[in-house]
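Okay, structure first, notes after.
None of the values given here were measured: they were computed from a predicted structure. What you see below is based on every heavy atom in this structure, not just the backbone, and it leaves out hydrogens, waters and symmetry mates. Within every chain, numbering begins at 1; the chains are lettered A, B, ... in the order of the sequence lines, protein sequences first and strands thereafter.
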Number of protein chains: 2
Amino acid sequence: METAEVETASADLEMIIHGRSGRNKPETRLWLRMLSTTKLITAEIRRRLRAEFGATLPQFDLMAQLYREPDGLRLGELSRRTMVTNGNVTGLVERLEADGFVQRVTPDGDRRVTVARLTPAGTEFFETMAAAHEGWLRDIMADVEPAAIAALWSEIGAVKTSASNHLSGAAFE
Amino acid sequence: METAEVETASADLEMIIHGRSGRNKPETRLWLRMLSTTKLITAEIRRRLRAEFGATLPQFDLMAQLYREPDGLRLGELSRRTMVTNGNVTGLVERLEADGFVQRVTPDGDRRVTVARLTPAGTEFFETMAAAHEGWLRDIMADVEPAAIAALWSEIGAVKTSASNHLSGAAFE
DNA sequence: TGTTATTATTTTAAGTTTAAACTATATGGG
DNA sequence: CCCATATAGTTTAAACTTAAAATAATAACA
């Protein structure tokens with residue numbers, strides 16, 4: 001080991017801002033920790049999706065939404081539910097359609113609308129991935145007390161509600 | 001208002017997987033809520049950074065790391081701390097350098113190395129943004145009890161630790 | 001019936017993202 | 001000195017991302 005250079009080791013995105021030495025307000029500290037934790041887990045799931053299924057995380061998310069709606073969803077609705085912009089959904093659906101997992105239909109009534117739905121192959125593929133996904137999360141959170149998991153779920157709900165009520169921009173309801 | 005169509009309203013990425021009706025395991029439920037909350041807040045901060053400062057979130061994150069290290073950081077170290085891939089850091093630093101906020105230097109000892117550091121303009125710019133950023137977070141979490149914020153910080157720490165200990169891929173320590 | 005506005009989706013431009021391949025250095029033996 | 005190997009960054013290809021502009025179709029209504 002070299003000289004000084006204390007080495008923070010695990011990617012620390014935390015204690016980033018303000019006082020130049022990490023004296024942040026509680027809200028900022030919490031946010032940085034939420035963000036880094038989410039990034040960590042997201043990266044892990046992304047890696048596994050790719051390695052085991054050759055799929056990307058946004059594809060998985062999109063298919064997850066369609067899985068719950070056997071009749072399919074309009075692209076706009078899909079956009080809201082996945083929290084992905086409109087234009088983005090277009091591309092995602094295109095690629096998934098090319099892979100044979102999703103199908104696009106324009107209903108009779110309104111020709112502006114496009115409805116996307118899973119094909120049988122897409123349904124089967126998603127079910128396999130979803131089962132694995134669930135196992136990964138159990139694994140990733142294996143060292144967390146069940147009580148803490150429940151508590152977190154509810155407390156994060158409060159954060160989500162507060163955030164929803166203080167949005168500036170494009171956020172309805 | 002049309003017909004039935006219950007309207008989940010706020011973008012629900014939650015209750016996505018498994019049972020086709022939202023009967024997920026606690027770990028999955030927690031994960032989906034963490035993810036959607038993080039996405040919500042991230043989008044809000046991104047919007048405000050862009051609107052008020054014309055900056056992007058990754059740029060802000062990168063500058064935040066450099067701010068803490070007046071002597072600058074090697075690009076590889078910067079990559080680890082921001083949790084952004086190597087190649088990505090290259091582009092980010094390039095653009096920030098073009099804007100005059102960051103400066104690149106190759107030290108004498110090892111010509112493979114590039115160290116990035118904030119310019120005076122970059123430091124000043126970041127300080128302004130950081131102050132606003134802190135205020136936004138206080139605003140966003142305004143309805144959350146201080147005690148809950150503290151509890152969350154510690155419990156999410158447990159999740160982060162557990163996740164760190166169950167990584168499959170490229171994650172050292 | 002013609003606007004005018006609204007809604008649904010696509011396109012565009014710029015930026016971010018990843019993983020993998022590539023280019024220089026450095027370093028450590030023979 | 002030469003070669004194998006490791007290290008630091010950059011480049012590349014494909015995908016994702018956003019915000020904003022552009023299309024297209026429908027609805028509203030004077």
Give the rounded distance in Å between these two atoms: [atom1] of [X] and [atom2] of [N].
| X | N | atom1 | atom2 | result |
| --- | --- | --- | --- | --- |
| A:Leu78 | C:dA8 | CG | C1' | 13 Å |
| A:Glu94 | C:dT12 | CD | C1' | 14 Å |
| A:Glu77 | C:dT9 | CD | P | 10 Å |
| A:Leu40 | C:dT18 | CG | P | 13 Å |
| A:Leu49 | D:dC16 | CG | P | 12 Å |
| B:Glu97 | D:dT10 | CD | C1' | 14 Å |
| A:Phe60 | D:dC16 | CZ | C1' | 17 Å |
| B:Leu62 | C:dG15 | CG | P | 15 Å |

Side-chain heavy-atom pair A:Thr56, A:Arg50 within 4.5 angstrom cut-off:
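A side-chain contact under 4.5 Å is absent here.
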Out of [options], whichever nucleotide has its closest atom nearest the side chain of [X]:
| X | options | answer |
| --- | --- | --- |
| B:Arg95 | D:dG9, C:dT9, C:dG15 | C:dG15 |
| B:Asn88 | D:dT18, C:dT10, C:dT17 | C:dT17 |
| B:Leu75 | C:dT9, D:dT10, C:dA26 | D:dT10 |
| B:Arg111 | D:dT26, C:dT25, D:dC16 | C:dT25 |
| B:Asn86 | C:dT18, D:dG9, C:dT10 | D:dG9 |
| B:Pro58 | D:dC16, C:dT17, D:dA6 | C:dT17 |

Quick one: on DNA chain D, does A:Gly109 or A:Gly87 contact a more 5' nucleotide (nearest heavy atom)?
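On the 5' side of the pair lies A:Gly87.
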According to a strict under-4.0 Å criterion, is [X] in side-chain N/O contact with OP1 or OP2 of [N]?
| X | N | result |
| --- | --- | --- |
| B:Gln59 | C:dT16 | yes |
| B:Arg74 | D:dA8 | yes |
| B:Arg47 | D:dA20 | no |

Between A:Glu134 and B:Lys25, is there a side-chain N and carboxylate O pair less than 4.0 Å apart?
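Result for this pair is yes, salt bridge flagged.
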B:Arg74 with B:Glu77: basic N within carboxylate O range, under 4.0 Å:
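Looking at B:Glu77 together with B:Arg74, the answer is no, because their closest N to O distance does not fall below 4.0 Å.
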Passing candidate, side-chain contact (heavy atoms from CB on, under 4.5 Å) with B:Leu92, options B:Asp61, B:Leu62, B:Val102
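The single option meeting the side-chain contact (heavy atoms from CB on, under 4.5 Å) with B:Leu92 is B:Leu62.
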With distance as the sole test, does A:Ser79 use its side chain to make a donor-acceptor pair with the main-chain N or O of A:Val84 at under 3.5 Å?
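Checking the backbone N and O of A:Val84 against the side chain of A:Ser79, a donor-acceptor pair under 3.5 Å is found.
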So what does [X] hit on the nucleic acid, given a heavy-atom distance under 4.0 Å: a base, only sugar-phosphate, or nothing?
| X | result |
| --- | --- |
| B:Val84 | sugar-phosphate |
| B:Leu92 | sugar-phosphate |
| B:Thr85 | base |

Name the residue closer to the 5' end of DNA chain C, choosing between A:Arg50 and A:Thr114 according to the nucleotide with the nearest heavy atom.
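Checking each residue's closest nucleotide, the 5'-ward one belongs to A:Thr114.
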Starting at the 5' end of DNA chain C, which residue's closest nucleotide do you reach first, A:Arg46 or A:Thr90?
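Result: A:Thr90.
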Please tell me whether B:Phe126 and B:Phe60 form a close aromatic pair, meaning their ring centres lie under 6.0 Å apart.
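Close enough - the centres of the two rings lie under 6.0 Å apart.
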Give a yes or no on whether a donor-acceptor pair under 3.5 Å exists between the nucleobase atoms of C:dT9, that is its base, and the side chain of A:Arg112.
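No, no donor-acceptor pair under 3.5 Å.
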